[in-house]
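To find a chain, count down the sequence lines: A is the first, B the second, and so on, and within it residues start at 1. Keep in mind that this is a model prediction, so the values were computed, not measured.
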Amino acid sequence: MENTDVARILFEMGDLLELLDENQFKVRAYRQAAQVIDTLPTPVSELVRDGTLTALPGIGEGIAGRIAELVEHGTFEEHDRLAARVPPGVLELLEIEGVGPKTVSSVWMGLGIRDIDALEVACRSGRILEAPRMGELRARAILQAIARHRARKGRMLLHRALWIADEIVARLREVHGALRVEACGSVRRRLETVGDLDVLVGSKDPGPVTRTFVGMPEVASVVSEGPTKSSVRLKVGLQVDLRIVAPETFGAALHYFTGSKAHNIALRTRALRRGIKLSEYGVFDREGRRLGGAEEKDVFEIVGLPWIPPEIREGSGEIEAAEAGKLPRLIEEKDVLGDMHVHSDASSDGQSSLDELADEGKKLGRRYLAITDHSRSRPLGLDADALRAHARQVASVDRKRGGRPKLLRGVEVDILPDGSLDLPRDVLTELDWVVASVHSHFTDPEERMTDRIVRALESGVVDVLGHPSGRLIGRRDPYAFDLQRVIDVAKKRGVALEINAQPERLDLSDKACRLARDAGVALVISSDSHAANHLANLRFGVWAARRGWIEAGDVLNTRPWPWDGGERNSERRRIHSEKREARARGGPGGTEGSPRRNER
DNA sequence: GCCGTTTTCGGCCCGACTGTTTTCAGTCG
């Protein structure tokens, strides 16, 4: 049972308890526990096995026992007992915006409404008005929310949300009196998908800011409008919340609205224990005297912590790490010197020529680009002869351009269903860089898929495993495979794992990055560009890595010569010396680079 | 149900906005 499944059932437990009007703190306890499990980097089953569940914040004897039951049996007794009392359609009513537990229990118990369809009928017929505190306006709002619920296509990918956020922030910055404007929330934490946008403005004069905000051309409807808080829904379906605060409280508000919720609660609780009150309006002592809050770092400073980067504010150990002085020095985009996975127009789906790629790479300051076109199993992929010719072409363009950026002769070779590689070993050892990826038979059972990947990692000719899980966010789930075993083998055989920076992949995911980091396996951040304008996507991979607590030293392409072996293990060195010998025998056409050992 | 620098009981984050009321409950973040 995966962590997300355990978390889902614990969340559901909170909903069930709430609908049955149980103690609200018990409700909160289950939700908090669900949150903790959901952001846990290690499999919860391991903690059950080791009996260390109760070491997690918010998980005591009671919930730990239920999680153990859950991991063993797929469910637990109390959950089943409560679930039997609440029809499944009733639980689903909670997903309608503006409909909370009180409304659900009153229409369920009072009017016998048991699902969304029945709720819709009651709104249209006016019968819903019999429920307490229910009027015409609310009935209409619920009908609209039901329509949205049915049309909803899920959360928006980060790159799209970020683009919209940048537009809105730029527009609000032009408003006179808007002294500071920042996007916060999940966009600032660089979560891979975004449910809504949060924009914060520091201003003494909120009127013009609010008017500009609700009047933007992208706005489809105004959800709410007030002097400090307004919400709109954009035509693209995204909701945007605006908060306006006094400039002297901007830092506290920025922290508060960046979240995550779990992080905020943990920090507030910590502050309370020290007799300090934290809110979006600042940091205060017991007597209500302001201690600070103009800058975000004030908030951390006053509770005795260093500033914590937004990407790791998930309530998953960052506060404890900060306290112990063990916060990671997260990797930054400028640390990444080059790109190790780039497609050219030599294979099927690439759109840009080598020169176009090199030009764009130079503009972005990349020192090297590995040209890694597809192997023969892909439509229009390269066979051994075509790849050799292509490699000569890459070397020739590189010579012509003087190695700025250095173009590396590489390939993205398919891992075939039996775990063999799609090209013969001898051609692979002639290259500078080999990415190996799964592109077919995604539905193989877990053990077969894991064996398949492991066999490729053990081939001795692979530098990095490309997009390790194969997921496409919101469109295709990861294939079934044992990530921990792949990490262990990769570590042992000196093969790196890719953090594929395509915004719809982000694969390894942030959580998988953290697992890989804990295992000490080498990582590579690559854009997997299929056109020159994709090269800039590398930053999305950097953000995923940051969310996974990755430091520059964990990532091979922060080094000047990542393709030239390295000291991490003898296997890699052996293969690369083999390659150098092959080059020496082969004469011209070899890469002239690689004269130095890696500096660390 | 969880937790403890006010520790085994008695707290648990908290403010804004809306729509319903006629002073506030419900929802949201």
A:Gln144 atom CD is separated from B:dG19 atom P, nearest whole Å, by 11 Å
CZ (A:Arg160) with more than 12 external heavy atoms under 6.0 Å: no
Would you kindly compare A:Ser279 and A:Asn23 by the position of their nearest DNA chain B nucleotide and give the one closer to the 5′ end? A:Asn23
Just how far, in rounded Å, is P of B:dC2 from CZ of A:Arg31? 16 Å
Would you measure the distance from the P atom in B:dT5 across to the matching atom in B:dG1 and give it in whole Å? 23 Å
Do any N or O atoms from the side chain of A:Arg150 and from the backbone of A:Ala145 form a donor-acceptor pair under 3.5 angstrom? no
Under a 3.5 Å cut-off for both distances, is B:dC24 Watson-Crick or wobble paired, and to whom? B:dG19
Could you work out which one of B:dG19, B:dG15, B:dC2 sits closest to the side chain of A:Tyr281? B:dG15
Sugar-phosphate, base or nothing in reach of A:Glu22, heavy atoms under 4.0 Å: nothing
Looking across every strand, which nucleic acid part, if any, lies under 4.0 Å from A:Arg268 by heavy atom: base, sugar-phosphate, or nothing? base
Using the P atoms only, state how far B:dT20 lies from B:dG26, rounded to an integer number of Å. 14 Å
Expressed as a whole number of Å, how far does the C1' atom of B:dG11 sit from that of B:dA16? 25 Å
Quick check: are there more than 12 heavy atoms from other residues, nucleotides or ligands sitting under 6.0 Å from CZ of A:Arg329? no
Look at the aromatic rings of A:Trp543 and A:Phe540 and report parallel, tilted or perpendicular, splitting at 30° and 60°. perpendicular
Are any of the side-chain nitrogens in A:Arg547 or A:Glu318 under 4.0 Å away from the carboxylate oxygens of its partner? no
Rounded distance (Å) that lies between atom P of B:dC12 and atom CD1 of A:Ile265: 13 Å
Listed nucleotide nearest any side-chain atom of A:Glu78, set B:dG1, B:dT18, B:dG15: B:dG1
With sugar-phosphate meaning primed atoms plus P, OP1 and OP2, does A:Leu56 contact a base, only sugar-phosphate, or nothing at under 4.0 Å between heavy atoms? sugar-phosphate
Using heavy-atom distances to pick each residue's nearest nucleotide on DNA chain B, tell me which of A:Ile59 and A:Gly275 is more 5'. A:Ile59
Under 4.0 angstrom between A:Ser230 side-chain N/O and B:dC17 OP1 or OP2: no
Using atom CZ of A:Phe213 as one end and atom C1' of B:dC17 as the other, report the distance to the nearest whole Å. 14 Å
Under 4.0 Å, counting only non-hydrogen atoms across every strand here, what does A:Pro57 touch: a base, just sugar-phosphate, or nothing? sugar-phosphate
Scan A:Gln32 against the nucleic acid and name what it touches under 4.0 Å (heavy atoms): base, sugar-phosphate only, or nothing. nothing
What's the CG-P distance between A:Leu278 and B:dC14, to the nearest Å? 10 Å
Tell me, for nucleotides 22-29 of chain B in 5' to 3' order, what letter each nucleotide earns: B for a base near a protein heavy atom under 4.0 Å, S for only sugar-phosphate near one, - for neither? --BBSSSB
Counting only heavy atoms not in A:Glu61 (residues, nucleotides, ligands), do more than 12 fall under 6.0 Å from its CD? no
Round to a whole Å and report the spacing from CD of A:Glu18 to C1' of B:dC12. 15 Å
Kindly say if A:Arg66 contacts the phosphate of B:dG1, meaning a side-chain N or O under 4.0 Å from OP1 or OP2. yes
A:Phe300 and A:His263 aromatic ring geometry - parallel, tilted or perpendicular at 30°/60° bounds: tilted
Could you measure between the two P atoms, the one in B:dC14 and the one in B:dC9, and give it in whole Å? 25 Å
Please measure how far the C1' atom in B:dC17 lies from the corresponding atom in B:dC12, and state the result in whole Å. 24 Å
Could you tell me whether A:Arg243 contacts a base, only the sugar-phosphate backbone, or nothing, with contacts defined as non-hydrogen atoms closer than 4.0 Å? sugar-phosphate
To the side chain of A:Lys277, which of B:dG15, B:dC2, B:dG19 is closest? B:dG15
Rounding to an integer number of Å, can you tell me how far A:Leu272 CG sits from B:dT6 P? 11 Å
Among A:Val199, A:Asp198, A:Val223, side chain to side chain contact (heavy atoms under 4.5 Å, CB included) partner for A:Asp241: A:Asp198
Counting only heavy atoms not in A:Arg233, do more than 12 sit closer than 6.0 Å to its CZ atom? yes
How long is the line joining CD of A:Gln35 and P of B:dC12, in whole Å? 21 Å
